[in-house]
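What follows is a set of notes on a single structure, which appears directly below.
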Amino acid sequence: KKKQSPSNQKEHKKALDRGNDYLALYQKLFYQIKKINNNSQFNIYAEINPWQEKKILALAKKAFSECLIETKIILDLRQETRLIIFRVKR
């Protein structure tokens with residue numbers, strides 16, 4: 001079992017551990033944003049567990065393949081990835 005960082009020890013278990021369906025949820029979110037957002041530029045903030053980083057980045061690149069995507073990674077106190085900011089430009 002993975003050791004939880006101090007920043008998420010008090011968070012609700014369901015919010016932190018969605019099993020493998022977290023990818024489907026992020027994929028659905030990205031495609032919904034793509035469908036309804038007509039802005040030429042927008043940001044998406046994704047709070048994640050560190051082990052999700054590569055998969056979430058790949059999903060965003062696939063969902064917004066025709067767009068320029070800049071990413072900024074925010075680390076937590078343990079220097080692990082906690083937040084990804086996607087700046088999407090059409």
Side-chain angles (χ1 to χ4, degrees):
K1 189 174 181 179
K2 294 184 182 192
K3 186 177 178 183
Q4 287 186 351
S5 70
S7 65
N8 63 14
Q9 287 178 352
K10 294 183 180 185
E11 295 208 29
H12 195 277
K13 271 192 170 209
K14 274 188 173 180
L16 293 173
D17 186 17
R18 295 291 303 171
N20 289 328
D21 69 341
Y22 77 93
L23 285 175
L25 294 172
Y26 270 106
Q27 185 175 29
K28 183 176 180 180
L29 173 66
F30 291 154
Y31 282 102
Q32 285 176 343
I33 291 170
K34 182 178 174 178
K35 184 177 178 180
I36 65 169
N37 191 325
N38 293 322
N39 295 330
S40 61
Q41 179 175 314
F42 54 92
N43 294 338
I44 301 170
Y45 297 81
E47 184 179 9
I48 64 165
N49 281 316
W51 54 269
Q52 298 172 323
E53 178 181 351
K54 288 181 183 176
K55 291 182 179 180
I56 298 295
L57 288 169
L59 278 177
K61 287 178 184 176
K62 182 178 177 185
F64 300 103
S65 60
E66 73 287 353
C67 302
L68 173 64
I69 302 175
E70 297 173 6
T71 58
K72 182 174 182 181
I73 306 294
I74 307 295
L75 304 178
D76 63 14
L77 296 174
R78 294 180 68 192
Q79 298 303 301
E80 296 180 321
T81 301
R82 184 61 52 204
L83 180 70
I84 302 176
I85 303 171
F86 298 98
R87 172 165 283 161
V88 182
K89 298 177 183 178
R90 294 183 192 256

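Any value given below was found using the heavy atoms of this structure, including those in side chains, with hydrogens, waters and symmetry copies removed.
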Working note: T81 + L75, criterion side chain to side chain contact (heavy atoms under 4.5 Å, CB included); need CA distance, chi angles, decisive distance, verdict.
CA-CA 4 Å; T81 301; L75 304 178; 4.0 Å; yes
Just wondering, do N49 and R82 contact through their side chains at under 4.5 Å, heavy atoms?
yes
Group every Ile, Leu, Val, Met, Phe, Trp and Tyr by side-chain heavy-atom contacts under 4.5 Å, then state whether Y31 and V88 land in the same group.
no
Gap separating the CG atom of L68 from the CZ atom of R87, nearest 0.5 angstrom:
10.5 Å
I want to check something: taking the side chain as every heavy atom from C-beta on, are I84 and I74 in contact at a cut-off of under 4.5 Å?
no
When you measure from the side chain of N37 to the backbone N and O of N39, does any donor-acceptor pair fall under 3.5 Å?
yes
Is the backbone of A63 close enough, under 3.5 Å, to the side chain of K34 for a donor and an acceptor to pair up by distance?
yes
When rounded to the nearest 0.5 angstrom, what distance separates CD1 in I73 from CD in E53?
4.5 Å
What is the distance from atom OH of Y45 to atom CG of N43, rounded to the nearest 0.5 Å?
4.5 Å
Mind telling me whether F30 and Y26 have parallel, tilted or perpendicular rings, with 30° and 60° as the class edges?
tilted
Measuring from atom CD of E47 to atom CD of Q52, what distance do you get when rounded to the nearest 0.5 angstrom?
10.0 Å
Is a side-chain donor or acceptor of D76 paired with a backbone partner of R78 at a separation under 3.5 angstrom?
yes
Value for CG (L25) from CG (L59), rounded to nearest 0.5 Å, stands at 10.5 Å
At what distance, to the nearest 0.5 angstrom, does CD1 of I33 lie from CZ of F86?
10.0 Å
